[in-house]
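Before any comments, here is the structure.
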Amino acid sequence: MQDVEAPVREDEPPPRRAQLGADAQQLPPFENHPAHRLVNSKWLIVNRQNFAPAIYHLLFTIYYLPMHRLPEEIVPDNDQTRARAEHLARIQELVGNAYPNKFARTALTETAEGEDTITSVVSAFRKYEPEVKEGEKPAPEQLETANAELGELRVRVSGRLATPPRVMGKAAFVHLSDGRERLQIYVRRQEAVAVSNDSLRPVEEAESGWKLFQLLDHGDFVGVEGKLFVTKTGELSVHVETIQFLSKALLPMPDKLHGISDPEIRQRQRYADLIASSLKVKTDEEPGDSQTELSTREVFERRSKLVTAMRRHLDEHGYVEVETPMLSAIASGAAARPFVTHHNALDIDLYLRIAPELYLKRLLVGGFERVYELNRNFRNEGISTRHNPEFTMLEFYTAYKDVNWMMDFCEEMLRTTVKQITNGTTVNFGGNDLEFGRNFERLSMKEAITKYWSYELRETVGISFDARRLDYPDEVRFLADWLGDWSYLDQYTILPGYDPGNDKSGVNIKLTELAAQFRERAESFNPSNEPLPDSGGDEIAKRIAYIFEMVAEDKLTQPTFITDFPKSISPLSKASPDDPTIAERFELYIMGMEVANGFSELNDPAEQLERFEEQARQREGGDEEAMQTDLDYVRALSYGMPPAAGIGIGIDRMTMLLTNRRSIRDVILFPHMRPRAAQLEDPDEQTDTP
RNA sequence: AGGCCGGUAGCCAAGCGGCUCAAGGCAUCCGCCUUUUAAGCGGGGGAACGUCGGUUCGAAUCCGACCCGGCCUACCA
């Protein structure tokens with residue numbers, strides 16, 4: 001039987017403080033009232049232990065719960081939330097307003113904030129903690145010295161209770177956290193005084209501080225004032241004189257040892273993940289890897305540093321930061337499907353931008369020689385560990401430079417920023433040491449195929465690869481088709497349950513046949529007998545790109561520039577002077593991920609229009625991602641754009657590399673996820689299954 | 001979109017066909033403890049086992065559908 005939920009009035013706030021009897025007529029009908037649930041619950045099973053609490057809870061529920069009523073799906077009704085709500089009510093009786101507006105902290109330490117934080121106090125005074133060997137306690141003389149040096153330093157600090165209070169009869173310990181560091185406070189029953197949030201004076205009641213302390217829960221915010229000292233075990237602590245309540249945690253904190261392991265909760269409720277990462281108790285027993293692993297908090301701090309470092313680098317090299325439209329009538333500048341939205345006043349559909357590229361190059365036309373934009377792009381495509389529908393891209397453009405200059409600049413920029421962020425040029429990612437200090441390898445697509453497919457062939461087919469085959473269109477066609485078949489079959493061999501010895505599905509036999517087919521073809525290939533044909537045009541270029549993706553992409557672990565992209569898939573890029581089918585373009589790969597994409601910018605308006613028209617033809621042929629024609633951009637080019645190089649760098653992916661995270665969702669604070677069924681706004685959308 | 005895996009109290013989880021199967025730990029509540037730190041000791045309470053349906057005398061456990069998530073593939077310059 002479903003319990004009746006207490007209704008929530010939405011149009012007016014709940015009474016600030018329920019008076020006995022005064023709000024009686026405002027209370028819901030009894031069968032809807034939480035007290036009714038108590039009567040039917042096990043709270044009233046009477047025994048010595050819980051009889052008194054049961055009566056108390058009944059009274060409490062009737063008179064106090066209505067004033068802090070939150071919907072069940074936000075604050076579920078269970079023993080822990082009930083205890084917290086009850087503590088809140090009693091705190092209000094003791095100190096008045098439970099949500100004061102401010103708390104003044106001391107300024108003993110140098111901080112950007114201008115006042116002491118937990119982090120600043122810990123880093124400034126931790127040096128007084130006596131040095132002790134593992135598992136030993138400091139000697140009394142050491143403690144005396146330390147405490148003499150700390151002297152009479154009185155601090156006022158604030159933070160969240162990072163642990164449940166450890167009460168020992170007439171004294172207690174608890175740690176406060178500012179999200180980064182934690183600082184222990186020590187509260188004595190006879191000494192601590194609570195501060196009223198209404199009068200800001202001490203609460204005139206015996207042992208008021210102790211009473212308040214006993215009502216605190218893991219996760220509450222408090223401010224304390226007291227002297228710094230070092231405990232018997234050598235830990236820097238605050239000996240609390242006054243304690244002020246600052247805010248209540250009505251929901252229980254994540255487990256102090258395990259944190260939150262469910263990625264769904266971590267990503268949907270990032271706030272809870274951040275709390276967990278700051279409250280998690282660090283144990284010595286965990287494997288060495290986790291010692292160096294960044295916390296969630298640190299991941300996002302590092303992301304912020306990366307963005308700052310990149311901005312600084314560009315600012316120092318004469319670039320101007322600009323902001324171009326995110327809403328646009330034409331979604332162009334990249335090959336991707338856009339999001340559509342609607343402008344009511346103009347009554348037109350607009351697109352969320354898929355790239356700022358065409359706007360930034362308009363600015364080159366307008367006279368900016370160096371511009372950049374660091375912001376979000378939106379692509380209406382799949383979600384994966386490397387793709388989020390909105391992602392952050394740094395794009396910048398440099399007049400009078402070409403693709404080769406841009407590769408150099410990009411390499412130097414990454415080297416500089418990585419050094420600033422990690423204090424080194426080597427980044428460990430999943431056990432691989434990524435070297436940003438060395439010169440990045442530069443390979444054409446064909447070179448990359450040759451380099452990495454040779455290895456593949458030794459493993460699977462048993463013969464080496466003749467690079468010259470990539471110059472013959474028939475060979476390229478064969479190789480691309482063969483690879484398609486091979487990879488289609490090969491995916492079955494990685495499925496669980498695949499047993500090469502028991503080949504029921506016939507996958508093994510087919511793979512063996514394919515290998516034989518490949519050998520035969522390779523052996524009959526004799527370039528000396530054949531004239532060198534022309535490069536075969538766009539079709540062949542695209543097939544080479546396909547072969548590259550199949551055999552080389554995921555093997556590009558170290559930072560590697562891949563050059564010589566087919567022109568047909570690069571409609572905004574200048575063609576190579578040596579080969580009209582090849583674009584002067586590169587992509588930077590790290591850990592098999594495309595991290596950057598740059599080229600010599602096409603600035604001939606007539607050719608640009610031709611390229612757009614070719615894209616339009618592909619669009620009509622069913623390619624939804626073919627680029628949209630932007631005639632105003634062609635007009636801009638007609639005013640004349642200087643020769644220029646441009647690049648886009650994926651900030652999310654760079655952050656992944658610098659924080660050792662395999663999923664893009666781990667470096668985006670609030671990644672997009674399917675709304676929970678209960679959160680769907682339109683109930684009609686929850687269509688029933690037939 | 002396809003394949004595989006998962007969903008058990010606030011958190012971490014054991015159990016994977018019948019009678020002690022709804023363990024255990026953290027948290028919460030009560031009692032004791034004036035320098036603890038994964039505090040300790042003693043005691044209490046808390047669970048429609050993702051949802052709906054089926055098989056069965058009997059389902060957390062087996063079957064089906066659905067919801068949500070993760071990983072892989074596809075898609076993604």
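Protein chains get the first letters and strands the later ones, always in sequence-line order, with residue 1 at the start of each. What you are looking at is a predicted structure, and each value in this text was computed from that prediction instead of being measured.
- Every side-chain contact (heavy atoms from CB on, under 4.5 Å) that A:R189 has, sequence neighbours left out, goes to A:K170, A:E207, A:W210.
- Rounding to whole angstrom units, CZ of residue A:R379 and C1' of B:C75 are separated by 14 Å.
- Spacing between atom CZ of A:R82 and atom P of B:G44 amounts to 20 Å, rounded to whole angstrom units.
- Rounded to the nearest Å, the gap between the P atom of B:A48 and that of B:U55 is 25 Å.
- Of the P atoms belonging to B:G44 and B:C62, the separation is 34 Å, rounded to the nearest Å.
- No engagement by A:P138 is indicated, since no non-hydrogen atom pair under 4.0 Å with the nucleic acid exists.
- Aromatic ring centres of A:Y186 and A:F229: separated by under 6.0 Å.
- Between the C1' atoms of B:G64 and B:C21, the separation comes to 24 Å (whole Å).
- Under 3.5 Å, the side chain of A:R189 and the base of B:U34 form no donor-acceptor pair of N or O atoms.
- Listed pair A:H239 / B:U35 fails the phosphate criterion, with no side-chain N or O lying under 4.0 Å from OP1 or OP2.
- Comparing B:U34, B:U36, B:G10 by their closest approach to the side chain of A:A171 singles out B:U34.
- Residue A:D554 contributes atom CG, which lies 12 Å from atom P of B:C72 at whole-angstrom precision.
- As a whole-Å value, the separation of A:D217 CG from B:C11 P is 17 Å.
- Heavy atoms of A:M627 sit under 4.0 angstrom from at least one base atom.
- Contacts of A:T81 with the nucleic acid, taken as non-hydrogen atoms under 4.0 Å apart, are absent.
- A donor-acceptor contact closer than 3.5 angstrom is absent between the side chains of A:Q628 and A:S332.
- Comparing atom distances between the A:P164 side chain and each of B:U28, B:A39, B:A77 picks out B:U28 as nearest.
- Rounded to whole Å, the distance from CZ on A:R337 to P on B:A77 is 12 Å.
- For A:I569, the side-chain atoms get nearest to B:A77 when compared with the rest of B:A77, B:A39, B:G10.
- Taking the syn range as angles within 90° of 0, the glycosidic angle of B:A23 is outside it, so the base is anti.
- The side chain of A:K137 has B:U36 as its nearest neighbour among B:A74, B:U36, B:A77.
- In this structure, CE on A:M591 lies 10.0 Å from CZ on A:R386, to the nearest 0.5 angstrom.
- Across all strands shown, B:C71 pairs with B:G3; the Watson-Crick or G-U wobble distances both stay below 3.5 Å.
- For RNA chain B, the neighbouring residues in residues 587-599 of chain A, judged by any heavy atom under 4.0 Å, are A:E587, A:E594, A:N597.
- Phosphate contact (OP1/OP2 of B:U36, side-chain N/O of A:R166, threshold under 4.0 Å): absent.
- The side chain of A:T231 has B:U36 as its nearest neighbour among B:U36, B:A77, B:C29.
- Here B:A77 is the nucleotide among B:A77, B:U35, B:U36 with the atom lying nearest to any side-chain atom of A:A336.
- A:M253 places its CE atom 21 Å from the P atom of B:A38, with the value rounded to the nearest Å.
- B:A9 is unpaired under the criterion used here, namely a Watson-Crick or G-U wobble arrangement in which both key atom distances are under 3.5 Å.
- Looking at the side chain of A:R188, the nearest of the listed nucleotides B:C71, B:C29, B:U35 is B:U35.
- If you check B:A65 for Watson-Crick or wobble pairing at under 3.5 angstrom, you find it paired to B:U51.
- At a threshold of 4.0 angstrom between heavy atoms, the contacts of A:E625 are confined to the sugar-phosphate backbone, with no base atom among them.
- One interatomic measurement links the two molecules: NZ of A:K170 to P of B:U36, which rounds to 16 Å at whole-angstrom precision.
- Under the rule for a side-chain hydrogen bond (donor to acceptor under 3.5 Å, both in side chains), A:R379 has no partner lying at least two apart in sequence or in another chain.
- Nucleotides B:G50 and B:G6, compared at atom C1', are 11 Å apart to the nearest Å.
- Rounded to the nearest Å, the gap between the P atom of B:C63 and that of B:G7 is 14 Å.
- If you check every strand for non-hydrogen atoms under 4.0 Å, A:F565 touches nothing.
- Residues A:P252 and A:Y186 each lie close to RNA chain B; by heavy-atom proximity, the contact nearer the 5' end of the strand is made by A:P252.
- Taking CG from A:N78 and CG from A:L251, the interatomic distance works out to 9.0 Å, rounded to the nearest 0.5 Å.
- A:T296 contributes atom OG1, which lies 11.5 Å from atom CD1 of A:I275 (distance to the nearest 0.5 angstrom).
- Side-chain N/O atoms of A:H175 and A:E235 include a donor and acceptor closer than 3.5 Å.
- In this structure, B:G46 forms no base pair with any nucleotide, since neither Watson-Crick nor G-U wobble geometry is met with both distances under 3.5 Å.
- A cation-pi arrangement, defined by a distance under 6.0 Å to the six-membered ring centre and an angle within 45 degrees of its axis, is absent between A:R270 and A:F670.
- Going from the P atom of B:A27 to that of B:G69 covers 32 Å, rounded to whole Å.
- The partner of B:A22 cannot be assigned: no Watson-Crick or G-U wobble pair with both contacts below 3.5 Å exists in any strand.
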**Request:** Check the pair A:Y589 / A:F548 against ring-ring contact (aromatic ring centres under 6.0 Å, His included), numbers first and verdict last.
**Result:** CA-CA 12 Å; A:Y589 285 86; A:F548 164 76; 5.6 Å; yes
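- With hydrogens and angles left out, the side chain of A:E235 and the base of B:U35 share no donor-acceptor pair within 3.5 Å.
- With B:U35, B:G10, B:A77 as the choices, the nucleotide that has an atom nearest any side-chain atom of A:N78 turns out to be B:G10.
- As rounded to the nearest Å, B:A39 and B:C66 have P atoms that lie 46 Å from one another.
- A:T385 has a side-chain polar atom (N or O) that falls below the 4.0 Å cut-off from OP1 or OP2 of B:C72.
- In this structure, CD of A:Q214 is placed 13 Å from C1' of B:C32, rounded to the nearest angstrom.
- Taking atom P on both B:A60 and B:U28, the two are 31 Å apart, rounded to the nearest angstrom.
- Among the heavy atoms of the strands lying under 4.0 Å from A:Q80 is at least one base atom, whether or not backbone atoms are also near.
- Residues A:F599 and A:L602 fail the side-chain proximity criterion, which asks for heavy atoms closer than 4.5 Å.
- Base engagement by A:R585 is indicated by at least one non-hydrogen atom pair under 4.0 Å involving a base atom.
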